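Below is one structure, written out as structure tokens, with a few remarks after it.
As the structure is a prediction and not an experimental result, all values here were calculated from the model. Index from 1, following the sequence. Numbering of ligands and ligand atoms starts at 1, following listing order. Just so you know, these numbers use all the heavy atoms, side chains as well, and skip hydrogens, waters and symmetry mates.
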Amino acid sequence: MPTPPSPLRRITVLAGGIGGARFLRGLLAAAPDAEVTVIGNTGDDIWIHGLRVCPDLDTVMYTLGNGISEERGWGREGETFTVKEELADYGLEPSWFGLGDRDIATHLVRTQMLQAGYPLSAVTEALCERWQPGVHLIPMTDERAETHVVVDDPDGAVDGSGAPARRAIHFQEWWVRYRAELPAHAIVLVGADDAKPGPGVVEAIESADAVILPPSNPVVSVGTILEVSGIREAVQRTQAPVVGVSPIVGGRPVRGMADACLAAIGVQTDAAAVARHYGPRRALIPAGAPADGILDGWLVDSADAASVPAVQSLGIACESRPLLMTDPEATADIARAALELAASLRPQA
Ligand code: GDP
Ligand code: CA
């Protein structure tokens, strides 16, 4: 009898906010004995009213620590917004950011620790002592590197030739204030050149048994993490299979405005197009072009079953199955499918 494959013990996940966090809940249910390391996107981070806010780290931490608002998908359950209203009454901008009263406590702890000299990774570890997320959550970098979006000046300013003047605004302003409705000319991670991977990030990728890309935003979550120098290379180098779950179902993001982000980088909002954008990691097709992508495997939704051959022809193993994280069981099934695909792609010992 063949020996059963050894389980995937060490799993490393590159996660954004809501899509990443919900998937992680399923992953922990599907692989309760695994040691899961989460590399969190910090490109969304912002200073608001003197507070350091890390939306994606907090979404992962609150979701896995059972403190998330299930309805909104971000922020605390039972949240109130009194401080936000009071600040607005002072006329203090930005007034568009959803800063909740309970949430502010997290930002106060974080800001004080940062100001005392602790790196973000240490601060995150301290915050996780309260939330016990059941994963090792590491920011992609301890340095400040924030996503900005180049748009036509929202106030209508023009340049010398009378054309709309272009301006880079913070990702949060584009996403929250303008609902990603201002067409993006470019999306840039300001500070990427100086950002080093957070402590343990490269090791977690290199020593993993599987690297999983949850259905997070391919541009401003996963794309941002990969932009930190050394992280993409670690994903390309690791012996572990790298498997992704499509956040695009039936030509649309399941929630949020990932389509506006993909348009900004010239990628179609389509599960196969996202796989092509990530690219194959190893040349699975012998005659294929040299591979310099990051994927060995890709899961698409049943609605996108027709695109499976196109993904496979890129040299990426691909399967279709239901990918809507509608309830805990469905989510755990998606995670299990990602792990099974990864296990099937492990290099033979
Ligand atoms: P954010 O930082 O809060 O925007 O969250 P992420 O980057 O982690 O994830 C956002 C992505 O999750 C969006 O592009 C959604 O399409 C995707 N998403 C949300 N819910 C689901 C779901 O149930 N199934 C799949 N396949 N994708 C989902
Ligand atoms: Ca985010």
Side-chain angles (χ1 to χ4, degrees), residues 13-27 38-46 53-64 68-75 97-98 137 139-140 145-149 170-176 179-180 187 189 212-226 243-265 267-271 273-275 277-278 298-304 307 319-335 337-338:
V13 180
L14 275 47
I18 299 179
R22 292 204 168 150
F23 176 85
L24 282 164
R25 209 149 48 177
L27 182 68
V38 178
I39 298 162
N41 171 41
T42 56
D44 291 14
D45 294 9
I46 189 166
V53 181
C54 302
D56 286 2
L57 294 180
D58 289 352
T59 296
V60 169
M61 189 173 78
Y62 293 158
T63 301
L64 299 182
I68 198 80
S69 158
E70 295 290 342
E71 198 190 318
R72 279 195 310 273
W74 57 270
F97 195 82
L137 176 60
M140 67 187 197
E146 295 175 7
T147 304
H148 284 67
V149 182
H170 193 283
F171 169 74
Q172 295 296 349
E173 186 172 6
W174 183 65
W175 190 258
V176 178
R179 309 284 311 152
I187 298 181
L189 182 64
I212 306 289
L213 309 185
S216 281
N217 189 308
V219 185
V220 296
S221 292
V222 177
T224 310
I225 297 169
L226 292 170
V243 167
V245 179
S246 178
I248 305 299
V249 169
R252 288 206 187 93
V254 179
R255 60 184 284 170
M257 295 80 77
D259 45 343
C261 302
L262 287 165
I265 61 162
V267 175
Q268 246 187 303
T269 304
D270 170 84
V274 174
H277 167 65
Y278 283 143
W298 186 239
L299 291 179
V300 301
D301 188 78
S302 309
D304 299 308
S307 60
E319 289 168 14
S320 67
R321 60 162 347 277
L323 287 188
L324 292 182
M325 301 186 283
T326 41
D327 57 60
E329 290 75 39
T331 309
D333 284 346
I334 297 169

So which heavy atom in the protein is nearest [atom], and how far is it from that ligand atom?
atom: atom 4 (O) of ligand 1; answer: W175 CZ2, 4.3 Å
atom: atom 24 (N) of ligand 1; answer: L323 O, 2.7 Å
atom: atom 23 (O) of ligand 1; answer: M325 N, 2.8 Å
atom: atom 26 (N) of ligand 1; answer: S246 O, 2.8 Å
atom: atom 2 (O) of ligand 1; answer: G17 N, 2.8 Å
atom: atom 8 (O) of ligand 1; answer: S216 OG, 2.6 Å
atom: atom 14 (O) of ligand 1; answer: A258 CB, 3.5 Å
atom: atom 19 (C) of ligand 1; answer: R255 CG, 3.7 Å

[atom1]/[X] to [atom2]/[Y] distance, rounded to the nearest 0.5 angstrom?
X: L57; Y: D45; atom1: CG; atom2: CG; answer: 6.0 Å
X: D259; Y: R252; atom1: CG; atom2: CZ; answer: 9.0 Å
X: S69; Y: Y62; atom1: OG; atom2: OH; answer: 11.5 Å
X: D304; Y: L299; atom1: CG; atom2: CG; answer: 11.5 Å
X: T269; Y: I248; atom1: OG1; atom2: CD1; answer: 5.5 Å

Minimum-distance pair of heavy atoms, taken over all atoms of [X] and [Y]:
X: V13; Y: P214; answer: CG1-CD, 3.6 Å
X: A145; Y: M140; answer: O-CE, 4.5 Å
X: V300; Y: L323; answer: C-CD1, 3.4 Å
X: L14; Y: V222; answer: O-CG2, 4.0 Å

Heavy atoms only, cut-off 4.0 Å: how does [X] contact ligand 1, side chain, backbone, both, or neither?
X: S221; value: side chain
X: P215; value: both
X: D56; value: side chain

With heavy-atom distances below 4.5 Å as the criterion, would you say the side chains of [X] and [Y] are in contact?
X: D58; Y: W74; value: no
X: P247; Y: N217; value: no
X: W175; Y: P55; value: no

Side chain or backbone, does [X] bring an N or O within less than 3.5 Å of an N or O on ligand 1?
X: V249; result: no
X: G19; result: yes
X: I18; result: yes
X: P253; result: no

Cut-off under 3.0 Å, centre the Ca ion (ligand 2), protein N/O/S atoms |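 Sorted hits: D44 OD2, D56 OD1, D56 OD2.
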Ligand 1 atoms in contact with [X] (distance to a heavy atom under 4.0 Å):
X: N217; answer: 6 (P), 7 (O), 9 (O), 10 (C), 11 (C)
X: G20; answer: 8 (O)
X: G16; answer: 2 (O), 7 (O), 8 (O)

So which of D44, I248, V245, V254 gets nearest to atom 28 (C) of ligand 1, if we judge by its closest heavy atom?
->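 Looking at heavy atoms only, V254 sits closest to atom 28 (C) of ligand 1.
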Donor-acceptor contact present, side-chain H277 to main-chain P218, <3.5 Å | no
Short side-chain to backbone donor-acceptor contact, S320 and S302, under 3.5 Å | no
Close approach of L324 to ligand 1, heavy atoms, under 4.0 angstrom |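 So L324 counts as touching ligand 1.
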Flag if over 12 foreign heavy atoms under 6.0 Å of CZ, R72 =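 Result for CZ/R72: enclosed.
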Does R25 pair with E70 as a salt bridge, N-O distance under 4.0 Å?
->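 Result for this pair is yes, salt bridge flagged.
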